[in-house]
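One structure is given below, encoded as structure tokens.
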Amino acid sequence: MTRLRKSLMWFFVLLGVKLSVVVGALTWLSSDHGNDWIRRQVVDLTNENVHAGRLEIGGLNTNLLSRLALDGIVFRDATGVKLVELDAVELQFDLSGVWRKEIRISELALERPWVHTSMDQDGQLDLLWALAGPSQQTQSPSAAWSGLDWRIGVERFSLRDGTVRVDDQRDPAASVLLEAISVESAVHIFERVVGLQGLRVDLDAVEPLDLHMGVTGVVGLHDGDLRAHDLRLMVGESKFLFNGGVNTWETRPIFDLSVTANPLSNADLRRFIGESGPNADLVLNISVAGPLDDVKVAGNVDTNHGVVDFQVWVDTDVHPIEWSIGLETEGLNVDQITSAVPEKTHLVLASQMSGQGTDWPDGLVADVTVAGGSQVLWGESVENLQVVAHLENGVVDISRFFADHPVGTVNVTGAVNVLDSTGDLGVDLQVPALARLKRFGLPGYGGAIAYSGVVEASWVDSAHIVGTTHGKIHGQRL
């Protein structure tokens, strides 16, 4: 036998031995004993790397090549309190493309996941504490996700009958309970692209409000840009539609997002604001644009009894923050919208408020302007309404308040101290026809009257006002 033949013979012998060892190892690892050994390794490795918790897995079954099943999964904190539980996890996969850095998962299913975590007085969740320890606050800028050089596709991800409870020790009323959670989606990941297609989420938000919620649509992350296409959110009876997204959302989020709510259910709104909420459904249109530290929000609300246009701008990149809010309507019948305003009120006005800070009273400065046309306020016609005021340190300085009523006109300037409930106002009142007072139960008067002077007032509430006045009254043909 030549040397070459001997070398080849020993090569194939060694190759056969190695293959036998590999096949034997795979066979043993796929057996009950091998599966249990893998289970213990997973549990031990996990418990060595968590901060103060313990993982338990009741059973593991896998053939290593196409299937993995886990059951009886429990995660406890250091005292033994159960924080997470899953009845089962089922994974069906295909590793034939692993040499091309490709993993295809035909199904990933989570059965009855249950999470119960609590937030302490410092805002720390006990589940995150058990997993990773105290949260670390950092001021360094966020780094963009570098992505994966593997191609991973999940044809069907499902989560069935989940429950999540978050107890808030700071405010028990803010605790959250979500039940009957179900999720279905296809998931695709490659490099810096993550796509969720056919997404469907359903759940019951039991606490703090009893509402059913659902999500359907397409969501994706592409090179750091988070995008949504016809993403539909149902909250109770309200339906929201999202299009657009947030660019560079990991580092400096820049919004390019449109949101439509049709309908924005009056029943849902009344859950939040009580019986003073709207009497009928609304339609809401919103656009959000710009970076998070200089964001602009614009849109309108259609009430079926008039439309309100609004604009909001916030710059959080300065201290104190700067902001502005604008509202405008060409005709809004407020009394038809809410029972909180029983008297006829038809608004035609434009208002603008801009300022700095949000902390009342010392940290809030604002300028307010209101320009109103022919309208009705609490049953009274007002042909012209003008307001110019400045708010600072809890004091409202009124440089102009003018109202034109069928009975007369009033012009007010001065200051109102909201903190100590006092006011010092200059008032100019013109009543050109006293006969018009008849509609207020004051018959028998004629001629005209005018008043110019100062009113000093203090109050406890709207029913207990004490005031003094000094000025001049002029009458004509009384």
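If you read the sequence from its start, that first residue is 1, and numbering goes on from there.
- Between T303 and P278 there is no side-chain heavy-atom pair separated by less than 4.5 Å.
- Within the 4.5 Å cutoff, the side chain of L264 has heavy atoms near those of the F240 side chain.
- Within the structure, every pair that satisfies the side chain to side chain donor-acceptor pair (under 3.5 Å) test and touches residues 226-239, not counting sequence neighbours, is listed here: R227-N247, D230-N243, S238-D268.
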message = Let's go through V410 and V427 carefully: what are the C-alpha distance in whole Å and the side-chain angles of both, what is the deciding distance for side chain to side chain contact (heavy atoms under 4.5 Å, CB included) to 0.1 Å, and is it a yes or a no?
response = CA-CA 7 Å; V410 60; V427 179; 4.2 Å; yes
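- Note that CG of L108 and CG of L91 are 5.5 Å apart. Values are rounded to the nearest 0.5 Å.
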message = One pair to check against side chain to side chain contact (heavy atoms under 4.5 Å, CB included): V194 and V219. What are the steps and the verdict?
response = CA-CA 9 Å; V194 179; V219 181; over 6 Å; no
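- When the shell of 6.0 Å around NE2 of H222 is examined, it contains 12 or fewer heavy atoms from other residues, nucleotides or ligands.
- Residues R160 and A109 come closest through the heavy atom pair NH2-CB, 3.8 Å.
- Residue R200 qualifies as open at atom CZ: its count of foreign heavy atoms under 6.0 Å is 12 or below.
- Atoms CG and OG1, from L429 and T409 in turn, are 7.0 Å apart once rounded to the nearest 0.5 Å.
- Here the side chain of D204 pairs no donor or acceptor atom with the backbone of V206 at under 3.5 angstrom.
- Residue T358 comes nearest to L364 through the heavy atom pair CA-CD1, 4.2 Å, listed as atom of the first residue, atom of the second, then distance.
- In this structure, N411 CG and D404 CG are separated by 11.0 Å, a value rounded to the nearest 0.5 Å.
- A donor-acceptor pair under 3.5 Å is absent between the side-chain atoms of S185 and the main chain of V187, judged by distance alone.
- Checking each of L159, V115, L110 against I181 for a side chain to side chain contact (heavy atoms under 4.5 Å, CB included) leaves exactly one that passes, namely L159.
- The OG atom of S118 sits 8.0 Å away from the CG atom of L125 when rounded to the nearest 0.5 Å.
- Counted within 6.0 Å of CH2 on W360, heavy atoms from surrounding residues, nucleotides or ligands total more than 12; the atom is thus considered enclosed.
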key: Residues D167, H116; criterion side chain to side chain contact (heavy atoms under 4.5 Å, CB included); working and verdict   = CA-CA 8 Å; D167 293 328; H116 188 174; 2.8 Å; yes
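- Contact of the N262 side chain with the D281 side chain is not registered, since no non-hydrogen atoms from C-beta on lie closer than 4.5 Å.
- Across A448 and P432, no two heavy atoms sit closer than the pair CB-O, 3.3 Å.
- Panel note: side chain H212, backbone L203; a donor-acceptor pair is recorded below 3.5 Å.
- Listed for the T345 side chain is a donor-acceptor partner under 3.5 Å among the backbone atoms of W378.
- Distance CG/D293 to CD1/I321: 11.5 Å, rounded to 0.5 Å.
- Between E107 and R156, at least one side-chain nitrogen of the basic residue sits less than 4.0 Å from a carboxylate oxygen of the acidic one, meeting the salt-bridge criterion.
- Looking only at distances, a side-chain donor or acceptor of S175 sits under 3.5 Å from a matching main-chain atom of D168.
- Once rounded to the nearest 0.5 Å, the distance linking CG of L83 with CG of D77 reads 5.0 Å.
- The shortest side-chain heavy-atom distance between V407 and E380 does not fall under the 4.5 Å cut-off.
- L269 places a side-chain heavy atom less than 4.5 Å from the side chain of L282.
- Distance alone, capped at 3.5 Å, places no donor-acceptor pair between the D71 side chain and the D87 backbone.
- Ion pairing between a basic and an acidic side chain is recognised when a charged N comes within 4.0 Å of a carboxylate O; D335 and K344 show no such pairing.
- In this structure the side chain of R270 reaches within 4.5 angstrom of the side chain of N279, judged on heavy atoms.
- Heavy atoms only, all atoms of each residue included: A415 and V395 are closest at CB-CG1, 4.3 Å.
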request  = Evaluate the side chain to side chain contact (heavy atoms under 4.5 Å, CB included) criterion for residues L425 and F401: first the C-alpha distance (whole Å), next the side-chain angles of each, then the deciding distance (0.1 Å), finally the verdict.
outcome  = CA-CA 11 Å; L425 305 172; F401 177 93; over 6 Å; no
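- The number of heavy atoms from other shown groups lying within 6.0 Å of CD (E56) is above 12.
- Residues M353 and W323 form a side-chain contact, since some pair of their non-hydrogen atoms from C-beta on lies under 4.5 Å apart.
- Salt-bridge check for E179 with R165: failed, with every basic side-chain N at 4.0 Å or more from each acidic carboxylate O.
- When all heavy atoms are compared, the tightest approach of W129 to Q124 is N-NE2, 3.6 Å.
- Considering every non-hydrogen atom in both L419 and N393, the closest pair reads CD1-O, 3.7 Å.
- Under 3.5 Å, the side chains of D126 and T117 contain a donor-acceptor pair of N or O atoms.
- A donor-acceptor pair shorter than 3.5 Å cannot be found between the side chains of E275 and S339.
- No donor-acceptor distance shorter than 3.5 angstrom exists from the side chain of D161 to the backbone of R112, with no hydrogens or angles considered.
- For the pair V297/F255, no side-chain contact is recorded, criterion being any heavy-atom separation below 4.5 Å from C-beta on.
- Between the side chain of T329 and the main chain of V307, a donor-acceptor pair closer than 3.5 Å is present.
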